[in-house]
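By convention in this document, chain letters (A, B, ...) are assigned in the order of the sequence lines, proteins followed by strands, and residues within each chain are numbered from 1. Side chains are part of it too, since the values below use all heavy atoms of this structure and drop only hydrogens, waters and symmetry mates.
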Amino acid sequence: MSLQPSPQPSEQPSRRESPPPSTAAAGPATVSVFASPESWIESDALDQCHQVAALDGMTHVAAMPDLHPGKGAPIGAAMTSTVLYPFLVGSDIGCGIAVFPIRLKRAVPEKLAARFPDLDRALDPERDAGDPAWAVMKGDIPAGHTEGLGTVGRGNHFVELARIGTVFEPGHASRLGLAGGDLVLVVHSGSRGLGERILRAHTEVHGAGPAADPAAYLAMHDDAVRWGSLNRRLLAARVAHALGAETAEPIVDRCHNLVEIRDGLYLHRKGAAPGDGCDVLVAGTRGTPSYLVAAHAGPDAGHSVAHGAGRKMSRADALRRGRAKHTVEELRRTPVGSLVVCGDRQLLFEEAPTAYKRIEQVIADLIAHDLATPVATTIPLVTYKTPDLGSAPRRDRRRERGRR
DNA sequence: ATGTGC
């Protein structure tokens with residue numbers, strides 16, 4: 001192992017010859033990996049890239065530095081083809097990360113953590129008709145899907161109150177209305193049951209095969225993308241109101257699980273954010289900074305950038321190794337001084353910062369390949385995953401015990 | 001990542 005610290009984004013030369021991505025031909029499709037040799041990429045994930053590249057109609061697979069194995073298809077990749085493969089987008093169609101400015105008089109993590117609302121409890125349009133979060137609604141609920149609306153979900157999803165840390169590009173940050181010390185809500189969530197239902201309907205008939213009627217799939221897919229974006233707005237509004245703040249429009253909202261038609265091909269993104277001339281929040285972990293970047297990825301990279309740090313360990317490994325390595329208290333109070341609200345101990349271990357790659361290395365790889373320029377970091381203050389047992393209503397605690 | 005079954 002090298003003791004040499006990896007290059008910090010701020011220390012990168014502004015214009016340097018970008019190293020070529022490592023590219024290999026796999027039949028007609030190429031696979032390009034946008035990661036430096038120091039970035040450890042699991043061989044299973046690379047195998048998945050080559051399996052995808054070998055599918056009928058594939059033209060190119062671009063692997064991001066946060067690449068890791070997924071269910072059938074790799075996570076952290078942009079994949080182009082002449083046919084549409086729903087499984088390459090996966091079940092959480094419309095999943096993405098949004099950043100909302102928020103103003104609070106004081107930001108004491110201990111006090112604010114206790115005020116987060118229960119985001120496992122859905123907003124019911126009738127029962128909760130008076131909830132101020134509905135103010136973000138413009139038009140109808142996509143697909144009329146009200147189930148799970150306003151809930152964050154599980155896995156790597158979260159709602160985080162964070163503070164702008166290092167500002168690398170003050171002019172760019174300023175255009176976004178951001179300066180060092182400002183507070184933001186970072187929301188990572190998707191389309192909950194809706195996307196899952198859409199993929200399942202396809203899979204039941206066609207398995208991992210292409211969409212027989214791409215237009216019909218895309219119509220449902222687009223609903224899920226809109227639903228995911230609405231859900232992130234509702235989540236931000238719920239939290240903002242609970243913290244006594246106003247909601248604003250997101251300054252960034254990028255979906256990293258979707259398919260688009262581009263240059264006459266289907267461009268599938270799975271854990272890869274649109275990176276062509278837009279700003280993206282590349283999520284770190286619940287205990288490290290995240291990076292807001294200006295992305296400028298070209299066709300070789302599938303016009304995409306990484307969506308986060310990327311898992312280094314499977315959930316099973318993280319749970320097993322985490323239990324030996326960390327205490328629950330250590331994971332609830334992180335190295336950057338933030339608090340993690342998570343009443344689910346297993347999830348806490350699965351999502352431990354040590355289960356993820358170093359975000360600094362992922363960002364360094366994006367810079368080295370000229371895919372993105374860091375604008376600012378966000379430093380977590382409170383990350384909400386799922387209600388704390390202590391603060392959950394009594395009936396929820398009982399339900400939680402019944403699950404064991 | 002999900003809803004569902006054990």
Side-chain angles (χ1 to χ4, degrees), chain A residues 44-45 48 66-77 85-98 119-124 142-143 145-160 186-204 207-208 217 220-221 223-225 227-232 234-235 254-259 268-273 283 285-286 307-319 342-344 346-352 355-356 383-387 396 399-404:
Chain A
D44 286 358
Q48 286 184 335
D66 59 339
L67 187 83
H68 57 282
K71 192 180 166 186
I75 300 168
Y85 287 102
F87 90 98
L88 293 183
V89 174
S91 64
D92 198 2
I93 306 160
C95 186
I97 299 179
L119 301 177
D120 282 357
R121 180 182 173 280
L123 283 175
D124 186 296
H145 185 83
T146 56
E147 218 171 295
L149 204 51
T151 61
V152 65
R154 289 290 170 106
N156 58 359
H157 292 175
F158 62 84
V159 178
E160 183 169 279
V186 180
V187 181
H188 180 186
S189 189
S191 60
R192 310 289 285 109
L194 178 59
E196 210 247 340
R197 200 178 69 189
I198 293 166
L199 180 66
R200 185 155 25 88
H202 169 85
T203 308
E204 277 170 1
Y217 170 83
M220 293 184 285
H221 159 284
D223 277 340
V225 169
W227 200 99
S229 185
L230 169 62
N231 202 38
R232 290 187 286 279
L234 285 170
L235 285 161
R254 296 283 164 231
C255 167
H256 49 237
N257 292 348
L258 80 168
V259 60
H268 311 75
R269 291 192 177 93
K270 173 67 175 171
T285 71
R286 294 341 93 221
H307 78 314
R311 293 200 75 84
K312 183 171 71 184
M313 287 176 215
S314 68
R315 292 189 173 276
D317 282 350
L319 186 60
C342 183
D344 180 335
Q346 178 171 326
L347 185 61
L348 207 48
F349 286 114
E350 289 175 355
E351 291 291 312
Y356 283 84
T383 304
Y384 176 100
K385 298 286 294 177
T386 192
D396 285 357
R399 190 158 55 87
E400 190 63 34
R401 280 199 204 99
R403 280 188 195 144
R404 283 162 207 282

Contact summary for A/Lys385 and A/Phe158, nearest pair of heavy atoms: CD-CB, 4.0 Å
Partners passing side-chain contact (heavy atoms from CB on, under 4.5 Å) against A/Leu123 (at least two apart in sequence or in another chain): A/Asp128, A/Asp131, A/Ala133, A/Trp134, A/Leu234, A/Arg238
Interatomic distance, A/Leu149 CG vs B/dT2 P [rounded to whole Å]: 14 Å
Integer-rounded Å distance: B/dA1 P and A/Leu119 CG: 17 Å
Euclidean distance, atom CG of residue A/Asn257 to atom C1' of B/dT2 [Å, nearest integer]: 13 Å
Pairs touching residues 193-202 of chain A that satisfy salt bridge (Lys or Arg N to Asp or Glu O under 4.0 Å), sequence neighbours left out: A/Glu196-A/Arg200
Between C1' of B/dT2 and CZ of A/Arg154, the distance in whole Å: 12 Å
Partner residues of A/Ala352 under the side-chain contact (heavy atoms from CB on, under 4.5 Å) criterion, sequence neighbours left out: A/His326, A/Leu331, A/Thr354
With sequence neighbours excluded, residues passing side-chain hydrogen bond (donor to acceptor under 3.5 Å, both in side chains) with A/Arg286: A/Glu160
Those residues that, when tested against A/Arg192, pass salt bridge (charged side-chain N to carboxylate O under 4.0 Å, His left out) (two or more places apart): none
Interface polar pairs with nucleotides 3-6 of chain B, N/O, under 3.5 angstrom:
from	atom 1	to	atom 2	distance (Å)
B/dG3	OP1	A/Gly193	N	3.3

Interatomic distance, A/Ile75 CD1 vs B/dT2 C1' [rounded to whole Å]: 13 Å
